Amino acid sequence: MKELRQVLVEDGAALGLSFSGAELDLAEAHASRLLETNRSLNLTRIVEPAEVARRHFLESFVAAELWPAQEGLRVACVGSGGGFPGLAGRIRRPDVSLTLLEPRTRKAAFLGRVAMALPGPPVQVAARRLQEWEGEVDVVTFRAVVLPAEDIDRVLAQGGRVVAYPGGDEGWSQELADLGFQQVAERRVGERSVVAWERVPRGTESA
């Protein structure tokens, strides 16, 4: 996984990110298990280490930059699949309390095995869809899944944030706007953007 580490360091520097040796070790271990398990379980179509670094880990690390820097932050990653963006993001934010929602039981089991190696609070893995989950978090994050905005809003605490990648067939961004959310931050990763949305208090909406 020398190529993966090299891309993380070099491309990460271009994004303003630097990594400790421990963070690179955790990313490498996650990637190794991802590609090994992918032979028998469809976790990703991206199998070249350089692209795994760019499309999975760097996208996740940039998303984690948009998680609020608050003590006791609770994050739910929906449709985690191979662990992106939430589980990879925990490498950068070992302080957060993370819940991974992955309805496919074999993928949920994979996530649980990878999560055991991470420092910080134990990661919770729930083999459920967002619509079936009862919980409250400060951040909902996801990538490449289509979610109803009402279900996102239902599990967000007051002042909560949505961190996700728009595109494809998603309609959640307009639905969030209809619920009173506004985009408050954006970061570019190559040709893609990750955005953060928050509910705007009544009376402060833009004219």
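Everything numeric in this text was worked out from a predicted model, so none of it was measured.
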Spatial distance of atom [atom1] ([X]) from atom [atom2] ([Y]) [nearest 0.5 Å]:
X	Y	atom1	atom2	answer
R199	L156	CZ	CG	8.5 Å
F57	E28	CZ	CD	10.0 Å
L130	L101	CG	CG	6.5 Å
M1	L8	CE	CG	10.5 Å
L17	R92	CG	CZ	5.0 Å
I91	S20	CD1	OG	9.5 Å

Do other residues, nucleotides or ligands put more than 12 heavy atoms under 6.0 Å from the CZ atom of R188?
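Result for CZ/R188: enclosed.
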Could you tell me whether R129 atom CZ has more than 12 heavy atoms of other residues or ligands within 6.0 Å of it?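 Count not over threshold, so no.
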Point to revise | Side chains of S193 and E186, donor plus acceptor under 3.5 Å | key: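 Yes.
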For a quick test of reading the model, state the closest non-hydrogen atom pair linking E3 to A50 and the distance between them.
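Result for this residue pair: OE2-CB, 3.3 Å.
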What is the minimum heavy-atom distance between P148 and Q131, and which atoms define it?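 Distance-wise, the nearest heavy atoms are CD-NE2, 4.0 Å.
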Main-chain N/O of [Y] paired with [X] side-chain donor or acceptor, under 3.5 Å:
X	Y	result
H56	G83	no
R90	V96	yes
R192	R55	no
R161	L66	yes
N38	T44	yes

Only pairs under 3.5 Å count here: list side-chain donor-acceptor contacts from residues 105-114, not counting sequence neighbours, and write none if there are none.
unit_1: K107; atom_1: NZ; unit_2: N42; atom_2: O; d: 3.0

Are the side chains of [X] and [Y] in touch, meaning some heavy atoms are under 4.5 Å apart?
X	Y	result
W197	L179	no
Q183	S173	no
W67	T141	yes
S80	L87	no
F84	R143	yes

Run the salt-bridge test on [X] and [Y] with the 4.0 Å N-O cut-off and return the result as yes or no.
X	Y	value
R93	E65	no
R54	E51	yes
R154	E150	no

Would you list the atom pairs, donor with acceptor, under 3.5 Å between side chains in residues 69-78 and any protein atom, with sequence neighbours excluded?
unit_1: R74; atom_1: NE; unit_2: D138; atom_2: OD2; d: 3.1
unit_1: R74; atom_1: NH1; unit_2: E136; atom_2: O; d: 3.4
unit_1: R74; atom_1: NH2; unit_2: D138; atom_2: OD1; d: 3.1

Residues forming a side-chain hydrogen bond (donor to acceptor under 3.5 Å, both in side chains) with E191, sequence neighbours excluded =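 In terms of side-chain hydrogen bond (donor to acceptor under 3.5 Å, both in side chains), with neighbours along the sequence ignored, E191 is linked to no residue.
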Cluster link L4 to L58, ILVMFWY, side chain under 4.5 Å
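Both belong to a single hydrophobic cluster.
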Does I152 belong to the same Ile/Leu/Val/Met/Phe/Trp/Tyr cluster as L100, with side-chain heavy atoms less than 4.5 Å apart forming each link?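 No, I152 does not connect to L100 through the hydrophobic network.
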Exercise. Where does the angle between the aromatic ring planes of F142 and W172 fall among parallel (under 30°), tilted (30 to 60°) and perpendicular (over 60°)?
Worked result: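 If you compare the ring of F142 with that of W172, the planes turn out perpendicular.
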